[in-house]
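Whatever order the structure lists them in is the order used to number ligands and atoms, beginning at 1. Index from 1, following the sequence. Keep in mind that the numbers below use all heavy atoms, side chains included, and drop hydrogens, waters and symmetry copies. Please read these numbers as outputs of a predicted model, since none were measured by experiment.
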Amino acid sequence: MDKLRAYVVGATGLVGQRYVQLLADHPWFELVGVAASERSAGRRYGEINWVLETPMPSKAAELKIDKLDVDSLPKVDVIFSALPSEVAARVEPEMARRGYVVVSNSSNMRLEPDVPLLIPEVNPDDLSLVKEQRARRGWSGLIIKKPNCSTTILDLPLKPVLDELGVSKIHVVTMQAVTGAGYAGVPSVAILDNLIPYIKGEEEKIVNETRKIFKADLEIYATTTRVPVLDGHTEAIYVDTVKDFDVEAVVELMARFRSVPQELGLPTAPPQPVIPTRAIDRPQPRLDRMAGRGMSVVVGRIRKLAPRKLAFVALGHNTIRGAAGNAILAAELLVKSGLWA
Ligand SMILES: N[C@@H](CC=O)C(=O)O
């Protein structure tokens, strides 16, 4: 098939750069343009402060950065959005009204009932909400959201546990990387030699998004912290299960968990979305965040604390599985779904 033309808005930030990196050799999408705020508009993409660990893709370097303007968007098949949520709230609905397919990282609209909040392995069927969205809002385009990064890293390993054992209560404590806050988000003087036990709005996002994704009024408590790690959010997770279990069975059910993206062979789908490890001192951000090319969640320290009380530590790449990678996987699912505009 001809490649679908992709456009990245908010392309100069950390998540925007991840989109550009992951779209570079994508078999279905061709990055044809990028947009950002007035400050960067008119420059070549190659002139931005590229901060990812691999060189900037050469084709992207040649693109001219457009000023973000809904009135002069190019004709493209899909827009990947990494806009700040206050900007996204203004422009994304207008893009969808004008017929664009928008796959967004921004937190606005995530909880609206007709907006799919997709982790493609966890709630692929929610994609069909776009039918209701278009009918209700009179849009010829559509909006799909990906959840908050910490929500995604929690919900992926939770899914097989919930399906097989049932869950009555969840406690989670996160240790989140600095890139989650953006390039200029946390000053080095604040985070080096330190831990910050508060991330604005994060705990509420984990609770509310997880309830929406699992369609259950789960009892869930979250404490979110920032740690001096570059990439990779680690989460200590405590789950009260409905059925009792043994640890080996939990390792096994996480290891064999597969879903629609794996069945369809979607290009960004990792072969194994949840990878349990038996090493006593893993997962670790530096060693495990690139598992499954940054799309797998690595789970360790799987323990039975008491009957029906499970504990484990999960780690995922916050700007790949937690952001741009999950959004691209959602777009791939949309391509295969027949719901494409
Ligand atoms: N809200 C998250 C973003 C994910 O990377 C954070 O602050 O870490």
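Between the side chains of Asn148 and Glu202, a donor-acceptor pair is found at a separation under 3.5 Å.
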Pairs under 3.5 Å, nitrogen or oxygen of ligand 1 with protein nitrogen or oxygen:
residue, atom, partner, partner atom, Å
ligand 1, 1 (N), Asn148, OD1, 3.1
ligand 1, 1 (N), Glu202, OE1, 2.8
ligand 1, 1 (N), Glu202, OE2, 3.3
ligand 1, 5 (O), His233, NE2, 3.3
ligand 1, 7 (O), Gly180, O, 3.3
ligand 1, 7 (O), Arg226, NH1, 3.4
ligand 1, 7 (O), Arg226, NH2, 2.7
ligand 1, 8 (O), Gln176, NE2, 2.8
ligand 1, 8 (O), Arg226, NH1, 2.8
ligand 1, 8 (O), His233, NE2, 3.0

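For Thr12, there are no side-chain hydrogen bond (donor to acceptor under 3.5 Å, both in side chains) partners at least two apart in sequence or on another chain. In this structure Tyr221 satisfies the ring-ring contact (aromatic ring centres under 6.0 Å, His included) test together with His171, sequence neighbours excluded.
Using a 4.5 Å cut-off on side-chain heavy atoms (C-beta onward), Lys336 and Val260 make no contact.
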For a quick test of your reading: what N or O donor-acceptor pairs under 3.5 Å do the side chains of residues 308-315 make, sequence neighbours left out?
residue, atom, partner, partner atom, Å
Lys309, NZ, Asp240, OD1, 3.1
Lys309, NZ, Asp240, OD2, 3.0

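Here the two rings, on Tyr7 and Tyr100, have centers that are 6.0 Å apart or farther.
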